[in-house]
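All remarks here apply to the structure that follows.
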There are 2 protein chains.
Amino acid sequence: MARPRRPLLSRARIVAAALDLVDAEGLEALSTRRLAAELGVSGPSLYNHVATKDDLLDAVVDAVLGEVDLSMFPGPSWRASLEAWARSYRAALAAHPNVVPAIGQPRGGRPNALRLADAVFGGLVDAGWPRREATRVGALLRYFITGSALGTFAGGFPDDAAVYAGAYPRLDQAHLLAERQQEIDAAAFETGLTALLDGLELRFAAVRA
Amino acid sequence: MARPRRPLLSRARIVAAALDLVDAEGLEALSTRRLAAELGVSGPSLYNHVATKDDLLDAVVDAVLGEVDLSMFPGPSWRASLEAWARSYRAALAAHPNVVPAIGQPRGGRPNALRLADAVFGGLVDAGWPRREATRVGALLRYFITGSALGTFAGGFPDDAAVYAGAYPRLDQAHLLAERQQEIDAAAFETGLTALLDGLELRFAAVRA
DNA sequence: GTCTATACGGCGATAGAC
DNA sequence: GTCTATCGCCGTATAGAC
C-alpha cells in the first residue's frame, strides 16, 4: 500500500486508540508498534499525525481531562461548584487509572488543562474572589485532587504487611493492607476536600472584609 | 576482569549515583548503561544489587523521602508539627525536582514512605486524634504536598502565552507565563496549607466533642 | 500528504565464563 | 560479583510508492 484515497489515520483516532490501549493494558503496553498494529497500520505511520510519543501521551492525558464535567460553573455557590468540580475531576481520573501516572510528566500543550483552569478561575471571580486569590484557589485544589488520584490509583503498599511488623511501631497492620488502602483513600479525599473548603470559607470572609 | 576481591558496587552506592545522575541530567538520563559507566562498571553488573530498573527508581524516590525531616514529631501542637512537616516534605522534593515525576509510579517497598507515615500518624494520635481520623489526615496532607510538588516542579504551561489569547476568555496572560507559574505555585501551596489546617482544626474540635 | 519498508542506535534484561 | 555477548523491544529517521 502507499497513499490511500482516504486517510486511514487521524490524530483523534490515534489518541482514542491509545487511550483504549492504556485503559486495557496499562501505560507500558503503549508502544508505537503496538498501537499501530491496533490501528491496522505500520509503526512509523503514526508520525504523520503525532510529533513524538511524548506528544501522544500528552494528548492522551488531555483527553482524560476533557471528560471532566464543568457544567457546575457558573453556579449559585462557589463552594458547591468547587465541590462538584473536585468530584468530577476525581471521577474522570478514576475512570482511567492507568493514565494517572502520566500526569506527572506534563510538557505543556494541554488545551483541556487550560479549559479547566479557565472555568474554575472564572467561576471564582464571578463569585467575588479577588483575581489573585482565585488563581491560587484553583491551583491548590488541583494539587489536592491530582495528588489524591496519584496516591489512590497508582498503587501503594505491598500486600504483605507482615514484612513490616515491628519496624514502624505506630502503624498497625490495617494501614499496610492493600485492600484497606482504597477505603482509606476515599475517606481521606472526602475529609480533605471538606477541610479545604471549610478553610477557604474562612479565607473568603477574611479577604472580602 | 572477573570477580574482584572486594565488591566494587553496593546497592547504596548505586542508588546514590543514580540520584546524582537524575539531579544533574534528569530522569531520561538514567539508563543502566549510563549509570554503570558513571560507576566505572559494566551495565549488567548493576543487576547483582538491584532487581530491575523499577526497583532502582523506587529506591531513588525513597532516598529523597529519607531527606524529609521528622524531628517535629512529637511536638506540643499537632498543627505546628503538621505545618513544619509539610514544608520539610516540600523542601525535600524541591531539592530534587527531576525525581518528582517518578513519585507517580510507586510499586511499594519504600521504607521511608512508611517511616513518614508512621511518624505523622503517631504524632496525630498522641495529640488526641482518633486513629481512623489520623490515618486520613496523614494521607490527605500527603496528597496535597505531592500534588503541589508535581504541579510545581514537573513543568506546566508553555512559555508562549500568546498562542492561547482569546481561546480561554477568563484567563489573562499572567496565568500562562512560565515565570509567573513559580510564584503562583508557592503562593497556592501556602494558601492551601493554611486552609487545610484551618479546616482540620474545625474537624478536630468536632471529632473530640 | 500518507502510507510502506527498512534501518539505526539505545534500551532493559539474561546466560554463561571466570 | 564482575565481565562479555546477546536477545528482543523500543522510539524514530529516512527513502520511496502513490
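The chains referred to below are lettered A, B, ... by the order of the sequence lines, with proteins before strands, and numbering in each begins at 1. Every heavy atom of this structure was used, including side-chain atoms; hydrogens, water molecules and symmetry mates were not.
- If you take CZ of A:R34 and P of D:dC10, they are 9 Å apart, rounded to a whole angstrom.
- Nearest to the side-chain atoms of A:K53 among the listed nucleotides D:dT2, C:dT2, D:dG11 stands D:dG11.
- Put simply, B:S31 has a side-chain N or O that comes within less than 4.0 Å of OP1 or OP2 on C:dC11.
- Ring geometry for B:F204 versus B:W129: interplanar angle of 30 to 60°, hence tilted.
- Atom pair A:L8:CG and C:dT2:C1' shows a separation of 8 Å (rounding to whole Å applied).
- Nucleic acid contact class of A:P44 (heavy atoms, under 4.0 Å, all strands): base.
- The closest side-chain donor-acceptor pair between A:R203 and B:T194, if any, does not fall under 3.5 angstrom.
- Side chain B:R33 to base C:dG10: no donor-acceptor pair is found below 3.5 Å.
- The two residues B:V100 and B:L93 come nearest to each other via the heavy atoms CG2-O, 3.7 Å.
- Rounded to an integer number of Å, the gap from CD of B:E28 to P of D:dG11 is 15 Å.
- Base contact: A:T32 has a heavy atom under 4.0 Å from a base atom.
- Taking side-chain N and O atoms only, A:H49 has a distance below 4.0 Å to OP1 or OP2 of C:dC3.
- Rounded to a whole Å, the CG atom of B:L46 is 12 Å from the C1' atom of D:dG1.
- Between the OH atom of A:Y47 and the P atom of D:dT14 there is a distance of 13 Å, given to the nearest Å.
- Looking at B:D69 and B:S71, their side chains do bring a donor and an acceptor atom within 3.5 Å of each other.
- Residue B:N48 contributes atom CG, which lies 13 Å from atom C1' of C:dG16 at whole-angstrom precision.
- To the nearest angstrom, C1' of C:dA13 lies 15 Å from CG of B:L35.
- Among the protein residues, A:L39 comes within range of no part of the nucleic acid, since none of its heavy atoms lies under 4.0 Å from any strand.
- The nearest whole Å value for the distance from the CG atom in A:L27 to the C1' atom in D:dC9 is 17 Å.
- Shown here for B:E38 and B:L21, the closest heavy-atom pair between the two residues is OE1-CD1, 4.1 Å.
- Within the nucleic acid shown, B:S42 comes within 4.0 Å of at least one base atom, counting heavy atoms only.
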